[in-house]
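Structure first, then comments.
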Amino acid sequence: MSHGVLDDIEKCMDSGWTDGLPVIPPYGSLVDPMLEALGWQASDVVGVIAEQSIKVRAEQVAATAVMAGCKPGYAPVLRALAQAILDPLFNVSGVEVTTGGASVLVIVSGPVVAALDFEHEANAMGGANRRINATVGRFAQMVRLFCGRGGGVLESHGTIGHPGRLSFCIAEHPETAWGPYHTQFGLAAEASAVTIMASEGPNSCNNHYSSTGAGILDTIGDCMMHYGQTAWYYRSSGFLVAIAPDHMDLVKRDFTREAARQYLYENARRQTDDLVKVGRIAIPPLEFAEVEFGAMRTPLKFIEQLSFVECGATGGRFSAVVPRWVGSRNVVCKQIEGL
Amino acid sequence: MSHGVLDDIEKCMDSGWTDGLPVIPPYGSLVDPMLEALGWQASDVVGVIAEQSIKVRAEQVAATAVMAGCKPGYAPVLRALAQAILDPLFNVSGVEVTTGGASVLVIVSGPVVAALDFEHEANAMGGANRRINATVGRFAQMVRLFCGRGGGVLESHGTIGHPGRLSFCIAEHPETAWGPYHTQFGLAAEASAVTIMASEGPNSCNNHYSSTGAGILDTIGDCMMHYGQTAWYYRSSGFLVAIAPDHMDLVKRDFTREAARQYLYENARRQTDDLVKVGRIAIPPLEFAEVEFGAMRTPLKFIEQLSFVECGATGGRFSAVVPRWVGSRNVVCKQIEGL
Amino acid sequence: MSKPMTEKLPAQRLMSCGEVSCEVLVNPIPRPEPEPIRITLKPKVPRVTLLDHKKPNSLAIMQFARQILQERGIEVSERILQKDDASTAMPAALLASLSQEPGLVLCGVSD
Amino acid sequence: MSKPMTEKLPAQRLMSCGEVSCEVLVNPIPRPEPEPIRITLKPKVPRVTLLDHKKPNSLAIMQFARQILQERGIEVSERILQKDDASTAMPAALLASLSQEPGLVLCGVSD
């Protein structure tokens, strides 16, 4: 049989047109239907990265989606996602170059989760081994890579990085206790949305024997304030907290989402002087850091830097804290249209 | 042109022969050279999973390597890696089914790192976007998946999972301050090795302003003992600690590897009664858990559960703690032969 | 919950039909030989056997379950079996013995 | 350190030559238009301009560097320029002005 396509895959691998894994070669015959599904003309400008003098065209976005393994049916998610990544508020070039080794974390919420059959239960924060979760997450990282290092302009300096830089997509339960994720960013409960933030990898939070919501939140809060959290740096971008069903059963009994956020904001604090002692605060500190010696200090700069997503399977008593990269302080949340 | 290969890729995606991302179809014409490079005959039994009545044959391992995107040149690593995953000590079925959402973490060390051009600096713990790191890490996860859920026998119950379940490979610096990783498991310093353990995702540990090795270790230790660490469960498997160059410059001045391990073992401890209070210890506790009320408690069951890897780029002051899954307490370290 | 496994079973065999020739793809997925143990969801006799896997609280939960079942007049084996550890497989002899049990076997209550 | 970027630049164009026909692959990688600013590593005049990006200690390090350079008789601009924040791009006017500087521009000392 003809192995021309295999040669093309190798050619992509050898030529820097990859994230390191096999891609679907971006033949025009595959890119065209993807463009049509996205509702764009090939030369439409999807976004501009002014600092790099880069205009990102629809053809490039569609080619990236094909290469990641996405189906044209995912286009409503991909369209909003591409616009979010290229929103200047997100600072995608910064995400690519930082020593923080950050990834583009993708959160999908609302009716789209069930409509497109995202996995939102077992291994919902990664490695669910389902095509839509894996390839949508990969698409976001490839856009980041192709706009940065791929273009030959930027070099990634991630000190250690994390595996989410290949694919990091979380789909929220279609039924939530506290309302859909995107309602924390002003969208209507009935909407579908894709939300992105620059992040480190998830820190898992296990608690098998607490019988109260406060016990679960204390465990999550303690993770948010360990000395190694990047959030103690002079800048902070906060955290995404993912609560799985077995923990949620306890937490929702005693806390609304707003109350849980307030509880973590007030209780997850450490002595500023201890942070100084261990080397987490510069001497002299920057004015921007608002350091108050002797006081209890939160890893959040504002309470709004904390948001909650409901995902994961029953049967295990785990939740997770995802630390956000400090250099991209904006969460970008876009409504998904045309489902 | 013929798109037969594209159809075959879709066929693999539709038929469960994938981790969710595009694969190279395992044509005999690709599997045969991989087998030859691995030094196996197609029907050789590479390993047996007795509880599942599964014999894993070389042909299946070679097909998986092709599908992941590995080159035949990676075969010396893949051969040792497959043997490690199928070593009964590793408990691969347990890794796949657990609510812990674990991945097979792969650590490559010794001269093989430079010989095969693994990325061991920027984003060395994931997302370096280099083919060998990405595909070797993916191969390990695909073997886990194909032996478990893939065979239709087991179902994965990962409560939340993490992105390393797609690919999680760390290559150590060829030059280390403390000696190669595998010397912690009895192999000679001049050997090349692949080591695996079941793990959660990396927890990043930032510290920009400490000027002492102890400050860096205190930061790492504080991460190891946050209340959410799975290691407080009645079982513990310990941690991998990755130290990047800027932190290592401080730590190596004051600590040998053995001294650093002893320091963390002695200092990263919490009050047992506080752990009870937050719900991290069952009442009554199991005898196996060796709970001593009122005493300071370590998240390690034995000091040997802690090992160090040296990787990552200069220019950032990050290290990382990788929590191990509690149900696979053995680290499996195999020498790489035939480089 | 996830879909039942039967819906997800991967293909046993894939055939590639390109324009030039046909080729069988090498199946990467090992399968149990002989077939794995089948789980019968409906027991043949109304009797319950309990197996503790030694996770915390498992034994306490099983003892409580035994008491409730007995109060309801259901036959429960007096001895609660135990395996060494939740993370290792059951010994072959125990598995062979339980696989012949016509009643309900309840094992591995999680904490 | 990683290899210099020049070795890693991805291909601008890939052509697929299967047995049936030829097809150009759609390039997924956006490139700067016009070409990005080139960095000249050898300054034309022996003069140093300092630009602080406001990370902690950056200003202190720059002040110290200025003092040492001045002691060695090297011309250093007295005023240390500042940009608002390490994580946001330099304003266009500042970039345009610095791109005309024939001396050495030292910016963004990290803590």
Side-chain angles (χ1 to χ4, degrees), chain A residues 1-2 4-6 13 19-22 24 69 99 101 122-131 134 145 156-168 200-207 209-210 215 218-219 222-223 226-228 230 233 242 244 278-279 282 312-313 315-316 318 320, chain B residues 1-2 4-6 13 19-22 24 69 99 101 122-131 134 145 156-168 200-207 209-210 215 218-219 222-223 226-228 230 233 242 244 278-279 282 312-313 315-316 318 320:
Chain A
M1 66 164 302
S2 161
V5 175
L6 293 179
M13 299 279 265
D19 53 0
L21 294 175
I24 306 289
T99 56
N123 298 300
M125 300 196 70
N129 299 123
R130 186 169 298 194
R131 180 174 184 171
L145 178 70
S156 177
H157 295 280
T159 311
I160 50 168
H162 69 92
R165 283 176 50 89
L166 279 174
S167 177
F168 197 2
E200 299 178 354
N203 297 196
S204 118
C205 289
N206 180 300
N207 188 323
Y209 307 116
S210 177
D218 287 342
T219 306
D222 201 67
C223 175
H226 76 66
Y227 281 148
T230 305
Y233 195 42
V278 80
F318 288 87
Chain B
M1 65 164 303
S2 160
V5 175
L6 294 178
M13 300 278 265
D19 53 359
L21 294 175
I24 306 289
T99 55
N123 298 299
M125 299 197 69
N129 299 122
R130 185 168 299 194
R131 180 174 186 172
L145 178 69
S156 176
H157 295 280
T159 311
I160 50 168
H162 69 92
R165 283 175 51 89
L166 279 174
S167 176
F168 197 2
E200 299 178 353
N203 296 195
S204 119
C205 288
N206 181 300
N207 187 323
Y209 306 116
S210 177
D218 288 341
T219 305
D222 201 68
C223 175
H226 76 67
Y227 282 149
T230 305
Y233 194 41
V278 80
F318 288 88

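Side chains are part of it too, since the values below use all heavy atoms of this structure and drop only hydrogens, waters and symmetry mates. Keep in mind that what you see is a predicted model, and the values were worked out from it rather than measured. Chain naming here is simple, since letters A, B, ... match the order of the sequence lines and numbering starts at 1 in each.
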In terms of heavy-atom pairs under 4.5 Å with chain B, which of [options] leads?
| options | value |
| --- | --- |
| A:Thr219, A:Ile160, A:Ile24, A:Leu21 | A:Ile160 |
| A:Gly312, A:Ser210, A:Gly158, A:Gly164 | A:Gly158 |
| A:Gly127, A:Ala128, A:Gly215 | A:Gly127 |
| A:Cys205, A:Ser204, A:Gly201, A:Ala242 | A:Ser204 |
| A:Ala134, A:Cys223, A:Ala320 | A:Cys223 |

Do A:Thr159 and B:Asn123 pass the side chain to side chain contact (heavy atoms under 4.5 Å, CB included) test, and can you show the C-alpha distance, the side-chain angles, and the key distance before you say yes or no?
-> CA-CA 6 Å; A:Thr159 311; B:Asn123 298 299; over 6 Å; no
Side chain to side chain donor-acceptor pair (under 3.5 Å) with A:Asn206: which residues, sequence neighbours excluded?
-> A:His208, B:Arg280
State which residues pass salt bridge (charged side-chain N to carboxylate O under 4.0 Å, His left out) with A:Asp19; sequence neighbours excluded, sorted by chain then number.
-> A:Arg138
Nearest heavy-atom neighbours spanning A:Val278 and B:Asn207 | O-ND2, 2.8 Å
Shortest non-hydrogen pair, B:Pro22 vs A:Gly69, comes out as CG-CA, 3.7 Å
Kindly indicate whether the side chain of A:Thr99, heavy atoms from C-beta on, has any atom under 4.5 Å from the side chain of B:Phe318.
-> yes
Is there a side-chain contact between A:Leu166 and B:Pro163, using heavy atoms and a 4.5 Å cut-off?
-> no
Taking B:Pro202, B:Ala244, B:Gly101 one by one, which has the highest count of heavy-atom pairs under 4.5 Å against chain A?
-> B:Pro202
At what distance, to the nearest 0.5 angstrom, does OH of A:Tyr227 lie from NE2 of B:His226?
-> 14.5 Å
Working to the nearest 0.5 Å, report the span between CZ of B:Arg165 and OG of A:Ser167.
-> 13.0 Å
